Amino acid sequence: MNERIIDIFTKDALETARANNTYRSMRLVETPESSRVKIHMPNGASQELILLASNSYLDLANIPELKQAMANAVLEWGTGSGGARLTTGNKTPHQELEEEIAKFKGEESSITFNTGYMANVGTISALCGKNDFIFSDELNHASIIDGIRLSRAKCFVYKHNDMADLERAILAAKAEFNTHEMPAENRDFSAFRGLIVTDAVFSMDGDLANLPELLRIAKENDCLLMIDEAHATGVLGKTGRGLAEHYGCAHADVTVGTLSKAVAAEGGFVAGKQQLIDFLRNMARSFIFTTAMAPAVAAAACNNLRYIDAHPERVQNLRDNVKFFCEALQREGVNVEQSPSAIVPIVIGDEARALEISAKLQNAGILIPAIRYPTVAKGQARLRASLMATHTREQLQTAATTIAQIINDCL
Ligand SMILES: Cc1ncc(COP(=O)(O)O)c(C=O)c1O
């Protein structure tokens, strides 16, 4: 191994990350994902914590009947799929899952990817090319940003949730398009093509995209509208269908989501018109050039979605918990707003202080990670609390009181 060359590629970046308090390491969790977990301590001991950091919002990962259903699927379908979806990997559970997603989302059809990250990257880079225009909220998830980069489309980043800025950006893009001299080989792209893309729930802020306004703007400007419902599926709307159910409005043209958060399995999806899904099956490289997810994972995602469908009270419990927790924090004097999603950001600002508060919370038995640059902007470090349907009121009140005390101690 040539250590000098490894140094040239890696040393500066690691030293800078350490100096900026942005160096990342992983904690080891010794128990399954649930509202209480045990983590491995550096001294070899285990520590039990209230988990306020999970994306498993409905806490489905440990429900005995769902675990049993996945175990049965392993026994029936084995441990892996053995091929890409377009070769030999497309098994009955994949098809059942896609039918279930389309039904759950109220769409004509759906297609699954191995992760939500791959769904975003594959979809955006298939839909758009270098002559197209993409309008992207400044707080969109990294997988959207990477999809845009891969597409090589011209990207306009609009201010977070600022619909006037989005409309300004579309006008600017159209003006640029009209004056732009197309290279001869691309002259068939005579019509303006624009894609508006946004998170439905912003993953570090927990706020929502304004779907009714986005639908209006997309329609008025002949743009395609894509929303990423990673943190909305199973969370928003009376039955957890997502952002359109929350607002009681129409759906976006392209709805992306993940099966790894509230659905408590793995995988990503796109739901929409049949023609869109046929297009992605043919054009999305992150769908085509990869092995299909294990059939048992597809079966688990399908069963878990059916469980959500049959248990809307779970979605309501989550919503009630979020309301209770935000009110408890406010009563304790912590500066938070009532969150419309399962994510409650407690903005601290300074990276080192956020880390210190998170570490003290951990000592006090509460796990809430500090989120820092580059995941959020510099100086916007925060505790990102996320709630589960199964947190008890006692756990949430204890957490709120402890958070308030520790923030005050660290002033
Ligand atoms: C908004 C958003 N989109 C996409 C993803 C990626 O989903 P997955 O974890 O399934 O890759 C995430 C988080 O992981 C996310 O927060």
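Values reported hereafter were calculated over all heavy atoms of this structure, with side chains retained and with hydrogens, waters and symmetry mates removed. Since the model is a prediction, treat every value here as computed from it, not as a measurement. Just so you know, ligand 1 is whichever comes first in the structure, and atom 1 is the first atom listed for that ligand.
A cation-pi arrangement is not found for Arg85 relative to Phe287, the charged atom failing to lie both closer than 6.0 Å to the ring centre and inside a 45° cone about the ring normal.
The protein non-hydrogen atom at the shortest distance from atom 5 (C) of ligand 1 is His141 CE1, 3.4 Å. In terms of protein heavy-atom proximity, atom 10 (O) of ligand 1 is closest to Thr258 OG1, 2.6 Å. Taking atom 9 (O) of ligand 1 as the reference point, the nearest protein heavy-atom neighbour is Ser260 OG, 3.4 Å. In terms of protein heavy atoms, atom 3 (N) of ligand 1 is closest to Asp228 OD2, 2.5 Å.
Ionic pairing of Lys91 and Glu76 is not present here: no N-O contact between side-chain nitrogen and carboxylate oxygen is shorter than 4.0 angstrom. For the pair Asp350 and Arg372, the salt-bridge criterion is not met [side-chain N within less than 4.0 Å of a carboxylate O].
With Lys105 as reference, Glu229 is the one residue of Glu99, Glu229, Glu100, Glu245 to meet the salt bridge (charged side-chain N to carboxylate O under 4.0 Å, His left out) rule. For the side chain to side chain contact (heavy atoms under 4.5 Å, CB included) criterion with Leu166, the lone passing option out of Asn210, Ile217, Asn161, Thr198 is Ile217.
Here the closest non-hydrogen pair linking Cys223 and Phe135 is SG-CE1, 4.3 Å.
In His231, the part holding a heavy atom less than 4.0 Å from any atom of ligand 1 is the side chain. At a 4.0 Å heavy-atom cut-off, ligand 1 touches Lys261 through the side chain alone.
Listed by number with element, the atoms of ligand 1 under 4.0 Å from a non-hydrogen atom of Ser143 are 3 (N), 4 (C). For ligand 1, the atoms closer than 4.0 angstrom to any heavy atom of Asp199 are 1 (C).
Distances from atom 11 (O) of ligand 1 to the heavy atoms of Tyr117, Phe202, Phe269 show the closest one on Tyr117.
Checking His160 against Asp205 by side-chain atom types alone, no donor-acceptor pair falls below 3.5 Å.
Residue-to-ligand polar distances place Gly116 within reach of ligand 1: an N/O pair is separated by less than 3.5 Å.
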